[in-house]
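Written out below as structure tokens is the structure these notes cover.
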Amino acid sequence: MGLEIIHPNTCIRGCCTSDSIPLHLPPSSHSIFLPIARGAESVVYDATLDGKRVAVKKPVLSTSDDINKFHKELQLLCKLDHEGIATLVAAHARPPNYMFFFKFYEFGNLSQKLHVEEWSPSIDQALMITKQLANALQYLHNIGIVHRDVKPANVLLDKSMKPHLADFGLSEYKQDLQKVTVENWRSSGKPTGGFHKKNMVGTLIYMAPEVLRKEIHTEKSDVYSFGITINELLTGVVPYTDLRTEAQAHTVLEMNYTEQQLTAAVVSEGLRPALAGTESGAPPRLLSLIQRCWDADTQNRPSFDDVVTELDLIIANNKSFTFEENAVTESSSDDSTKMVQPFRKDVNWFFQGENILKTGCKSDFDVKSWCNNSKNGSLYIPVLSWGSFATCGRRETMEDTHFLMPRLWNENDIHVFGIFDGHRGGAAAEFSVRALPRLLQTLDCTSSPTDALKEAFINTDVAFRKELDEQRKSKAFIQKDYHPGCTAITALIVQNRLYVANAGDCRAILCRSGCPYPLSKDHVASCLEERERVTGLGGQVKWQLDTWRVGRAALQVTRSIGDDDLKPWVTAEPEVTETVLSNDDEYLVIASDGLWDVVSNLEVINIIKDTVKEPGMCSKRLATEAAERDSNDNITVIVVFLRPVSTAERIY
Ligand SMILES: Nc1ncnc2c1ncn2[C@@H]1O[C@H](COP(=O)(O)OP(=O)(O)OP(=O)(O)O)[C@@H](O)[C@H]1O
Ligand SMILES: [Mn+2]
Ligand SMILES: [Mn+2]
């Protein structure tokens, strides 16, 4: 910053000083714009300082305690200098304005990224974030500071997805912890007041048992919160909702802990969030590190020095895993290679799908050609909100996957959503959920949306089968009769037009003027048209057991990605419908057959009618209903509202 430091560079009281960070600023140096977040104790604004974008944190100062707290936080921030910690670039610490100026972190906080944007990091990204965060905490602990509020909402991400630990509002020096803990709990004597209200609510799920028991907070309490945070990063699941991994969807959905019950369970029953599975691509050593971090006994938790050492080993092994995935495994006496061995037979299909475009990724596609740019102001543009819910239901494994990609290409009026329902294993669904949206974004500029969707489906199928073939050839433990596949449905919204591409028996419907309006047709062998298409191509369809089925594999669906033993009959070419949206269109429901098997189109509309009008809640309600009706399949539901919903309808 070219900002001049005005001497003496101190706060009004003289207790905060810095050689490099300006502590009072001329009013002309900065402009403050809209708030980006309202925290419990501050409002954070988008702002510029000396021409550069910054985030300004203005604490709510209502008592003299609040002002003391501001000075304490500033003193502390002036001492910190680490790339894994949000950088304070300036402060203003004189009445009437008390403000912190931070470097602006473009990608917001990790909690938003995971749960609002539903970002799911690759294992390499997750490991990078884990390592940087551990480095930052190691640095803090080594200079004698305990953060005390480690959680995804306090991890800010920059453009390259590097994490920066923020929010030192609760931090303390180690030597002061005992005193502070006692004071804090004493002042929380009032049932709703003080520390309890401010510092407990919202962060409860990251708090270590000793903190919940109101015993002394130590630096090991940060280790616990770190463990919970990293597990959340790997699973994408908010702690204790555990929804993606539970077998009995309906009982879990109704399991609604009160804060007290949760506290009791964490403290005395050792309850923890569901640990990430190896299907997340996480090395088993990382999973066991997480468990050690959240051990009930502080003595069993590693220090951050230990965490960092262990992470270095895990990352080194992970590299050899991802780069040598196809290599022949040779026996080796090296200990670290042995750890990796059990992993090599599991191909990470998410990862394979993600890497589809490593080479030849061109993006000269001018998507604007899809939009109607006429000055005609009467063009109807739906206002979207979206949510999803996925559960494995009564099955033991989850073979459904889905993605939500609103504002594709950063275009306000282009959005894509999709569901993949795997069969004969999850590989095709895992591969496709990453590959298809990527392929869609790199098509050449002449395609119409309909053709682009068709091409994306077909290219995904070709790429998946090619990858499978390569895995087979490289003797990567894949059996000869392994022919995974998945059905796929994708809804693309471009301004007022909705395109639904479907291959298989997922389904999308629109609620138009209160009635269900189908947007896709199920491709199953019991449908005469499809049966004729398959036999026309020389494929076999036979009545077996209870229904029509295709080929030796006896597949019920007639279109899919993968299923290479049934190509070309079971084609990946989707049928695409185009619908012009108007103000009559309320919402879109896309789901895997786990829902449609037991809930009809009309019932879906009726269920949403008496559910809180929030898309995530509606999705969950539909999936719960299907689970309760004994759907014996995985269930994935996406709900997209196409009109703004009034607050009254939301709260209800
Ligand atoms: N430098 C920054 N760049 C971008 N966004 C930021 C920045 N600092 C804060 N934010 C946003 O503001 C939110 C609140 O910031 P912070 O946690 O520092 O405030 P707080 O009032 O202490 O919040 P809490 O309610 O967690 O106590 C962050 O979660 C983040 O979304
Ligand atoms: Mn915060
Ligand atoms: Mn805070």
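Indexing begins at 1, ligand by ligand and atom by atom, following the structure's order. Numbering of residues begins at 1 and proceeds along the displayed sequence. Just so you know, these numbers come straight off a predicted model, no measurement behind them.
Near Lys151, the atoms of ligand 1 lying under 4.0 angstrom from a non-hydrogen atom of the residue are 26 (O). If you number the atoms of ligand 1 from 1 as listed, the ones under 4.0 Å from a heavy atom of Ala55 come out as 1 (N), 2 (C), 3 (N), 7 (C). Taking every non-hydrogen atom of Leu156 and a distance limit under 4.0 Å, the qualifying atoms of ligand 1 come out as 1 (N), 2 (C), 6 (C), 7 (C), 8 (N), 30 (C). The atoms of ligand 1 that sit less than 4.0 Å from any heavy atom of Asn109 are 28 (C), 29 (O), 30 (C), 31 (O). Using a 4.0 Å cut-off to heavy atoms of Asn154, the atoms of ligand 1 that qualify are 17 (O), 26 (O). For ligand 1 and Phe102, the ligand atoms under 4.0 Å from any heavy atom of the residue are 1 (N). For ligand 1 and Lys57, the ligand atoms under 4.0 Å from any heavy atom of the residue are 16 (P), 18 (O), 19 (O), 20 (P), 22 (O).
Checked by distance only, ligand 1 and Ala153 come closer than 3.5 Å through their nitrogen or oxygen atoms. When only interatomic distances are considered, the shortest N/O to N/O separation between Asp149 and ligand 1 does not fall below 3.5 Å.
If you run side-chain contact (heavy atoms from CB on, under 4.5 Å) between Phe101 and each of Ile21, Asp50, Val56, only Val56 comes through.
For the residue pair His402 and Thr636, no side-chain donor N or O sits within less than 3.5 Å of a side-chain acceptor on the partner. Under 3.5 Å, the side chains of Ser171 and Glu73 contain no donor-acceptor pair of N or O atoms. A donor-acceptor pair shorter than 3.5 Å can be found between the side chains of His115 and Glu232. Residues Asn68 and Arg13 bring a donor and an acceptor atom of their side chains to less than 3.5 Å of each other.
With a heavy-atom cut-off of 4.0 Å, Lys103 touches ligand 1 through its backbone alone. Contacts with ligand 1 closer than 4.0 Å are made by no heavy atom of Arg53, backbone or side chain. Of the heavy atoms in Val43, none comes closer than 4.0 Å to ligand 1. At a 4.0 Å heavy-atom cut-off, ligand 1 does not touch Ala166 at all. Of the heavy atoms in Val54, none comes closer than 4.0 Å to ligand 1.
Using the six-membered ring where Trp is involved, Trp386 and Phe417 have ring planes that are tilted, between 30° and 60° apart.
Proximity of a side-chain donor or acceptor of Asp158 to a complementary backbone N or O of Tyr105 within less than 3.5 Å is not detected. Using a distance-only test at 3.5 Å, with no hydrogens or angles considered, no donor-acceptor pair links the side chain of Tyr98 to the main chain of Ala91.
Atom NZ of Lys162 is surrounded by 12 or fewer heavy atoms from other residues, nucleotides or ligands within 6.0 Å.
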